[in-house]
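Here's the structure, in structure tokens; my notes come after.
Treat the numbers as computed from the prediction; the structure is a model and nothing was measured. Note: hydrogens, waters and symmetry copies are ignored here, and every other heavy atom, side chains too, is used. Letters go in sequence order (proteins before strands), and every chain restarts at 1.
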Amino acid sequence: MSDERKYVEELSDVEDDFDRWYVEVVRRAELADESPVRGTRVVRPYGFALWENMQAELDRRIKETGVQNAYFPLFIPKSMLEREAEHVEGFAPEVAWVTRGGNKELEEPWAVRPTSEAIICPMYARWVQSYRDLPILINQWNSVVRWEERPRAFLRSLEFLWQEGHTAHATLEEAEERTRLMLEVYRDFVETELAVPVIPGRKTESEKFAGALRTYTIEAMMGGKKWALQSGTSHNLGDHFGRVFGIEFLDRNGERRYAFNTSWGLSFRMVGAVIMVHGDDRGLKLPPRVAPIQVVIVPIWRKEAEREAVEAAVDRVRDALLPVARVFVDRRDDKTPGWKFNEWELKGVPVRLEIGPRDVANDQVTLVRRDTHEKQSISIADLAGRIPEILGDIQANLFAAASRMLAENTVEVDSYDVLKERVAANAGFSRAYWCGSAACEERVKAETKATIRCIPFEQPETPGRCLVCGEEAQQQVIWARAY
RNA sequence: CGGGGUGUGGCGCAGUUGGAAGCGCGCGGCGUUUGGGACGCUGAGGUCGGAGGUUCGAAUCCUCUCACCCCGACCA
């Protein structure tokens with residue numbers, strides 16, 4: 001026990017210093033490491049495997065809606081990026097530029113894409129002549145670069161991995177439908193696969209995507225400081241981009257029309273979300289559905305004589321579980337079992353199986369859950385049947401715990417003073433009526449650093465009074481500090 | 001860009017008045033160990049961020065410089 005305490009002390013306490021805890025967990029669990037380039041991180045195999053599992057599930061869902069994957073270039077000529085006025089204004093401070101290629105100065109600088117609307121839309125303009133060419137439904141998995149001043153592993157880095165979907169439609173209604181559909185895909189993915197509950201809603205004018213007609217978002221609450229994390233966004237771009245990039249077509253009636261676009265993205269900041277929502281003082285707690293390793297087997301023996309029997313049982317268990325779970329056997333003989341227990345808890349593996357002489361004698365294994373620390377003995381014969389059930393239970397348990405955290409730390413407030421106190425105390429989300437004026441929004445942001453995370457789809461029946469100015473307000477919004 | 005801080009083996013750090021570069025962890029070898037981060041012996045690994053200066057002598061003092069971290073400003 002004293003050894004355990006000593007070990008745990010090496011990780012900062014979640015409640016005590018969450019930011020430090022986060023940095024330490026990312027590094028010690030071998031998700032990512034610092035790189036020689038400021039503001040960027042190297043994603044290590046364990047972290048990348050987690051991202052790959054997320055990708056696979058999200059990619060499948062995106063394709064089920066009829067979207068195909070493609071790839072567009074990393075570079076965007078300056079003149080193209082600057083075509084849409086709001087778009088360039090919004091992104092200008094974060095764009096990295098290539099001004100030289102080989103030994104020659106470029107005649108026109110190239111932007112390293114901060115997002116790809118400006119390189120994709122000109123291509124759509126070439127491909128669209130008729131309403132019969134629409135819709136275009138394309139997604140790409142790539143990385144983009146945004147010159148962030150305050151980077152943070154996974155959550156905000158100079159280069160980050162994501163998917164960006166871009167569609168073109170004949171009507172605004174169809175574009176709106178697609179925008180909402182993809183937000184729902186994100187909601188389902190994040191809640192089902194990552195066990196992270198979210199609040200879906202719309203962004204305010206000041207928070208929407210640069211160049212968009214409207215932006216929708218799913219907002220999640222992180223552990224520790226209970227700040228918000230924008231976890232996926234879907235934009236209805238209207239015909240802004242269609243007009244400036246000339247995506248023109250003839251409709252059924254032979255009339256010239258501009259196409260309506262959408263774009264939507266979800267990034268590997270969700271790796272950060274999984275860390276912050278589920279993690280505890282022992283480290284990560286990965287949702288089984290995306291965990292790179294769902295079941296880790298730790299063989300234990302004292303004498304060489306015991307080793308043979310243990311290893312035979314380990315092989316038998318592994319073979320039985322391979323068809324139903326992602327299993328890893330930790331055969332390292334330079335680490336003690338106790339060391340391995342702590343290591344795999346740090347890395348968030350949902351289920352650990354201990355197989356030692358005592359287990360072999362009884363034809364059973366000792367199973368330990370990462371979420372509850374509950375220990376139980378299960379006969380080897382029953383294991384393959386029980387594991388999927390237990391993994392499913394852990395997934396549900398994580399979602400329930402995160403939902404509880406969100407509910408318990410979201411409070412309806414009707415006084416600005418209370419909002420100020422809550423923000424200052426890192427008390428979570430505050431739900432309040434808002435009149436809709438940018439002035440009230442800006443004032444709260446300036447005075448408290450909290451922003452309107454979204455205007456939730458779910459609204460009360462009755463109107464109320466704006467928290468800030470007291471005018472009549474038709475809707476409630478979620479106020480919170482955000483990463 | 002403003003304020004603060006840190007640069008010494010892979011990591012974390014100590015280094016007093018300027019006088020032989022150290023400690024813990026980790027790493028290699030050998031042996032004993034293994035049910036909640038084992039232990040012994042032994043070994044490898046450093047132009048002290050960089051440049052210049054002061055001095056008989058600089059990790060230490062001075063000047064300049066670079067990098068990174070934290071706080072703030074900024075952040076679809």
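Side-chain atoms of Ser206(A) and Glu441(A) include a donor-acceptor pair closer than 3.5 Å.
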query: Does the ring-ring contact (aromatic ring centres under 6.0 Å, His included) test come out yes or no for His87(A) and Phe209(A), once each step is laid out?
result: CA-CA 8 Å; His87(A) 190 61; Phe209(A) 179 77; 5.6 Å; yes
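A distance of about 25 Å separates the P atoms of C41(B) and G10(B), rounded to the whole Å. Taking the C1' atom of each, U60(B) and G2(B) are spaced 31 Å apart, rounded to whole Å.
Taking the ring axis of Phe160(A) as reference, the NZ or CZ atom of Arg269(A) does not stay both within 45° of it and closer than 6.0 Å to the ring centre. Cation-pi geometry between Arg180(A) and Phe457(A) is met: the NZ or CZ atom falls under 6.0 Å from the ring centre, inside 45° of the normal. A cation-pi arrangement is not found for Arg187(A) relative to Tyr216(A), the charged atom failing to lie both closer than 6.0 Å to the ring centre and inside a 45° cone about the ring normal.
Contacts of Lys340(A) with the nucleic acid, taken as non-hydrogen atoms under 4.0 Å apart, are absent. At a threshold of 4.0 angstrom between heavy atoms, the contacts of Thr366(A) include nucleobase atoms, whether or not backbone atoms are also involved.
Using a 4.0 Å cut-off, some side-chain N or O of Arg302(A) falls inside it from OP1 or OP2 of U34(B).
Scored by the ring-ring contact (aromatic ring centres under 6.0 Å, His included) test, Trp141(A) finds Trp51(A) as partners (sequence neighbours excluded).
The base of G36(B) is not paired with the side chain of Thr336(A) by any donor and acceptor separated by under 3.5 Å.
For Ile355(A) and G35(B), the CD1 to C1' distance is 13 Å, given to the nearest whole Å. The CG atom of Asn342(A) sits 18 Å away from the P atom of U34(B) (whole-angstrom rounding). What separates NZ of Lys335(A) from P of U34(B) is a distance of 17 Å, to the nearest Å.
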- prompt: Nucleotide by nucleotide, 5' to 3', does protein get under 4.0 Å of the base (B), only the sugar-phosphate (S), or neither (-) in nucleotides 68-75 of chain B, counting heavy atoms?
  reply: SS-SBBBB
query: Dot-bracket for RNA chain B, 5' to 3', counting Watson-Crick or G-U wobble pairs under 3.5 Å, with [ ] for crossing pairs and | for inter-strand pairs?
result: ((((((((.[[[[.)...(..]]]].((((((.....)))))).....[[[[[..)....]]]]])))))))....
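Ion pair Arg61(A)/Asp188(A) flagged as a salt bridge, since at least one NZ, NE, NH1 or NH2 atom sits closer than 4.0 Å to an Asp/Glu carboxylate oxygen. Ion pair Arg386(A)/Asp382(A) not flagged as a salt bridge, since none of the NZ, NE, NH1 or NH2 atoms sits closer than 4.0 Å to an Asp/Glu carboxylate oxygen.
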